[in-house]
Amino acid sequence: MAEAETILTNSTTRPRAPELSAESLYEKCLALASNLWWSWQPDVINLFRDLDPIRWRQLDHNPIALLKEFTPERLEVRASELVLHSRINYAYRRLKEYLSETPMWGFKHSGVLGSRPVAYFSLEFGIHESVPIYSGGLGVLSGDHVKSASELGVPLVAVGLFYDQGYFKQRLDINGWQLEEYLDIKVENLPVEPAVDSAGRPVIVAIDTRSGRLLAKVWRMQVGRVSIYLLNSDVEGNSPEDRELTRRLYGGDQRTRIRQELIAGVGGVRALRALGINPGVYHLNEGHSAFATLEAIRQRMQEDGLTFEDALRQVAQQTVFTTHTPVPAGHDRFDGGLIEEHLGPLREGLRIKPDQLMGLGRVEPTNPNEPFCMTVLGLKLSRRANAVSALHRRTTQKMWANVWSWRAEEEIPIGHITNGVHIPTWLAWQMQLLYDRHFPPDWRNRMGEPEVWQTIHQVDPGELWETHYSLKSQLLSFVRRRVSRECRRRGESEEAIEAARTMLDPNVLTIGFGRRFATYKRADLILRDLDRLAALVNDPQRPIQLVFAGKAHPADEPGKRLIQRVANLRHDPRFAGKVAFVEDYDINVCRHMIQGVDVWLNNPRRPEEASGTSGQKAVLNGVLNLSILDGWWAEAYDGVNGFAIGRGLAHVNPDITDARDAEALYEVLEKEVVPLYYDRDLDGLPHGWIKRMKNSISSLAWRFSAHRMVADYVIHAYLPAAGGLSCDMNVR
Ligand SMILES: *Cc1c(COP(=O)(O)O)cnc(C)c1O
């Protein structure tokens, strides 16, 4: 982050976020852009876009970058032309009010958290597409958690890493092969500030290892009422290699990885201390940050004179651990050498032997051949551990049963809190307007109440269908624009570019598939019998069309081959113009897709999808889920609120499972999905389908919301952890 340092010493080049007492229009716009609260306010988003719609799109919807292209004078002129003054003033006043009020829910329920907040650790945060420090579902979940904590008024601070490049941008070459492009993040274009201590000094933390001292600088990003503290190793005093440690998300080898996790976990706890924040609860979102517990124990021993055992017991009581990975190979593991190199000095502070430390990360503490697993550390050093759906809980209990070898499987102390999504972030603006017209006037403050969502049944079917159709048209324009741009970039023929400009038909049943191209998610399941798929796509009366998007991890060759196979379908005349692949899946692409398709397809190999959240986003917009009974869908599907693929069974042989699931997918498409979609009344509306859209919204929107999720964490995990109230170890 060479740039960051220059900016710091030469602060005139960076527009500073003014205090909330701004006078000029320009200052007010900057204040709005400097708090990511704007990212879920449609009126503020529209305001920024209206300033310059073309640049807004080109700049990845980044308002700070946009404002930097204006002088205060030009902004005044532009605002006058568009009569924006009152909209800017109103938005600014709303932000000020938001930041000064205490939301009722938090006031009533947060109890002891008020003086000692929750510290939420995660290695990625997906708040908005313009802040690329996330890769996929885990990051978006953290982002949604933070947003809901802000809205509910739950006292929470978040801790993570600030990446200089973040995750890669995806391009496909002419052969459909994924290329990864890493762009330097311009820190002066992001809503981050150096975090400062009570004396106003920038906070830099130090971590001693056997191979030298690591430094990290702390940045602060504001999301509504919640601060996210992000650590970055590109600081003077670090070796050139160490300055690059926090360059990329999920880049580098095991040694880079453990050093990143050391910075996030140990560095994170030290950063909070330096900032004067004394957490009542540590919430580890995935095992990556579990080293935090070791530093918390060390602080306890040093400051309160506790023994290691007593300090461990107290920290475990305060720690909540959420695990997300149902596959054994997906968990971070480090060998003894790496652990001693990086944790040796801290271990001495804990006054324990190397074997004892290794034992904390092993299922069998004394097995010298077992590496150190971050998930095991998380499980052992937390009194409350949870999975992210009911089915995932069972899978997780089975997977880690040996950590509690003396217990029966049902007694393994791992509970579950099912994931949810932040409604204002994922609900299309047009749908919000529809809900505004029909729902109780205070529905935005009552999104957790089932009764509110029942109102959808009173909405006129034609009105709901029209709103959906308009969102679908927007998606198709977006896909055409992106795909034709991608063709041009690859230097394809004028005909190919023109064909992309007119591909897809808004009257055709449109199926979307957007997610990481990890092999277990089986993006190619629907391609298993290409003739059968071609028959569905080319049915003269009742055709379907498909939109795909997703990245493969840079090291995942099989995942990249899946992308290639899907992307190259466009060269098959049976699928040309009817199957699209959109490059560079991110929050923006996801938002378009889950708001605009008719059906959201999800076909992981059960039970490998811990929860999945994209289908929950689709629900809000009246998009129907078509999914394997895995993750959240296993507890959400009721027979009339979407579609199920198969009956929730898996064979021990994955090839047989895949063949059966593909058969089940074609069956449900041919017999249920397609007929229901094209069953039109005289008014041209698919009443059966619309009924199902309503069933989906009314039965699922409130249950799978991040507000419900965060409230569950507060009541079942945070409060017991902070207050030491007696509570069952099982979260639920
Ligand atoms: C919501 C979201 C995901 C999660 O997708 P699932 O496959 O449902 O887990 C991944 N990536 C992005 C960009 C998202 O917005």
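All values below come from the heavy atoms of this structure, side chains included, with hydrogens, waters and symmetry mates left out. These figures come from a predicted structure and were not determined experimentally. Counting starts at 1 for both ligands and their atoms, in listed order.
Every salt bridge (charged side-chain N to carboxylate O under 4.0 Å, His left out) that Glu667 has, sequence neighbours left out, goes to Lys671. Remark: Ser135 pairs with Glu124, Tyr167, Leu249, Tyr250 by the side chain to side chain contact (heavy atoms under 4.5 Å, CB included) rule, at least two apart or across chains. Shown here are the salt bridge (charged side-chain N to carboxylate O under 4.0 Å, His left out) partners of Arg692, two or more places apart in sequence or in another chain: there are none.
Of the residues listed (Met399, Met374, His324), the one engaging His331 in a side-chain contact (heavy atoms from CB on, under 4.5 Å) is Met399, and it is the only one. Of the listed residues (Phe513, Phe581, Tyr585), just one forms a ring-ring contact (aromatic ring centres under 6.0 Å, His included) with Phe548, and that residue is Phe513.
Protein neighbours of ligand 1 below 4.0 Å, counting non-hydrogen atoms: Gly136, Gly137, Val140, Trp426, Arg515, Lys521, Tyr585, Asp586, Ile587, Cys590, Gly612, Thr613, Ser614, Lys617.
The pair Glu583-Arg490 meets the salt-bridge criterion, with a side-chain N (NZ, NE, NH1 or NH2) lying under 4.0 Å from an Asp/Glu carboxylate O.
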